[in-house]
Amino acid sequence: MTQDELKALVGRAALAYVVPGTVVGVGTGSTVNCFIDALATMKDRIAGAVSSSVQSTARLRGHGITVLDANEVDHIPVYIDGADEIDHRGFMIKGGGAALTREKIVADLADRFVCIADESKLVDVMGRYPLPVEVITMAAAQVARRFTTTYGGQATVRAGVTTDNGNLILDVRGLQITDPMAMETEVNQWPGVVTVGIFARHRARVCLLGTSQGVRTLDFD
Ligand code: 5RP
């Protein structure tokens with residue numbers, strides 16, 4: 001199976017985690033696009049969606065799915081999103097699509113994060129994928145230097161990208177993220193950091209992993 005076929009497979013499999021009659025949290029990315037297309041087949045059985053990006057909002061509305069503002073919702077049962085890396089504890093790197101801040105906000109509304117990914121995303125130790133960090137523009141160089149002095153990572157500004165919130169993305173290479181919880185906590189304290197793309201506090205509870213043998217379910221609860 002191709003990577004696109006694996007993404008379509010897990011996108012459809014995620015429908016089983018949607019709770020009928022409720023609002024579903026929707027992430028961002030090519031795997032989530034497959035989920036959104038599948039969600040359209042049950043749009044009359046959900047109360048709507050909360051979206052993590054302008055891109056996903058447009059796709060949801062294109063299918064006639066109601067999109068609610070996060071401020072209108074105080075709680076959702078499930079949030080479904082992809083990942084750039086996921087480890088065997090459900091910790092993730094996210095932000096390859098620059099939507100990490102809104103993704104974390106919607107994930108925070110949810111009881112359960114269901115990750116959908118192809119098997120190339122499963123790793124033992126995170127960090128081979130450059131860690132995305134959303135930063136306020138005036139702090140970009142300062143945060144980049146701090147990554148080098150604190151963790152030995154090399155941060156570069158992602159060229160040509162402004163987030164939905166009007167900020168920059170730093171991509172940090174050369175990290176070995178052995179303690180995701182500690183790094184997330186530390187980096188989020190640095191002035192000018194909006195969100196670090198480590199999802200440890202908001203880790204996945206379930207991962208639907210697309211493999212050539214079919215969907216493998218990893219349960220982290
Ligand atoms: C966007 C994300 C995505 O979930 C992540 O980049 C995975 O994307 P894809 O499904 O296209 O591989 O975090 O900010």
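Just so it is clear, the structure is predicted and the values come from calculations on it, not from any experiment.
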Not counting sequence neighbours, list each pair that qualifies as a ring-ring contact (aromatic ring centres under 6.0 Å, His included) and has a residue in residues 100-141. Tyr79-Phe113

Quick one: list whatever passes side-chain hydrogen bond (donor to acceptor under 3.5 Å, both in side chains) with Asp108, sequence neighbours left out. His202

A quick test of your reading: do over 12 heavy atoms of other residues, nucleotides or ligands sit less than 6.0 Å from CD of Gln176? no

Residues two or more places apart in sequence or in another chain: which of them pass side-chain contact (heavy atoms from CB on, under 4.5 Å) with Asn33? Ile36, Gln55, Arg59

For Arg201 and Thr185, test the side chains for any donor-to-acceptor distance below 3.5 angstrom and give the result as yes or no. yes

All heavy atoms of Ala204 vs all of Ile86, minimum pair found to be CB-CD1, 4.0 Å

Would you say Ile116 ends up clustered with Ile46 if hydrophobic residues are merged whenever their side chains have heavy atoms under 4.5 Å apart, either directly or through other cluster members? yes

Checking Asp171 now: which residues fulfil side-chain hydrogen bond (donor to acceptor under 3.5 Å, both in side chains) with it, not counting sequence neighbours? Arg158

Tell me, do His88 and Leu122 make a side-chain contact under 4.5 Å, heavy atoms counted? yes

Out of curiosity, Glu134 CD to Thr163 OG1, how far, rounded to the nearest 0.5 Å? 3.5 Å

So do the side chains of Ile80 and Val18 get within less than 4.5 Å of each other, counting heavy atoms only? yes

Sequence-distant partners of Ser53, side-chain hydrogen bond (donor to acceptor under 3.5 Å, both in side chains), two or more places apart: Thr28, Ser56

Would you say that more than 12 heavy atoms from the other residues, nucleotides or ligands in this model lie under 6.0 Å from the CZ of Arg216, or not? no

Side-chain ion pair, Glu184 and Arg203, N-O less than 4.0 Å: no

Could you note down all residue pairs passing side-chain hydrogen bond (donor to acceptor under 3.5 Å, both in side chains) where residues 147-157 supplies at least one of them, sequence neighbours left out? Thr156-Arg173

side-chain hydrogen bond (donor to acceptor under 3.5 Å, both in side chains) partners of Asp111, counting only residues at least two apart: His75

Apply side-chain contact (heavy atoms from CB on, under 4.5 Å) to the pair Thr195 and Ile105, showing each step before the final yes or no. CA-CA 10 Å; Thr195 308; Ile105 292 168; over 6 Å; no

For Ala8, side-chain contact (heavy atoms from CB on, under 4.5 Å) partners two or more places apart: Arg12, Cys34

Can you list the residues that meet the side-chain contact (heavy atoms from CB on, under 4.5 Å) rule with Ser120, with sequence neighbours excluded? Gln3, Asp118

Note, Thr22 side chain near Ile76 side chain (heavy atom, < 4.5 Å): no

Using side chain to side chain donor-acceptor pair (under 3.5 Å), reason through Asp69 and Asn71 one step at a time and then give a plain yes or no. CA-CA 5 Å; Asp69 189 285; Asn71 288 300; 3.0 Å; yes

Would you mind listing every ring-ring contact (aromatic ring centres under 6.0 Å, His included) that reaches into residues 15-41, with sequence neighbours excluded? none

Test of understanding: with side-chain contact (heavy atoms from CB on, under 4.5 Å), list the residues that count as partners of Thr162, not counting sequence neighbours. none

Under the ring pair (Phe, Tyr, Trp, His ring centres under 6.0 Å) rule, collect the residues that match up with Phe147, sequence neighbours excluded. Trp190

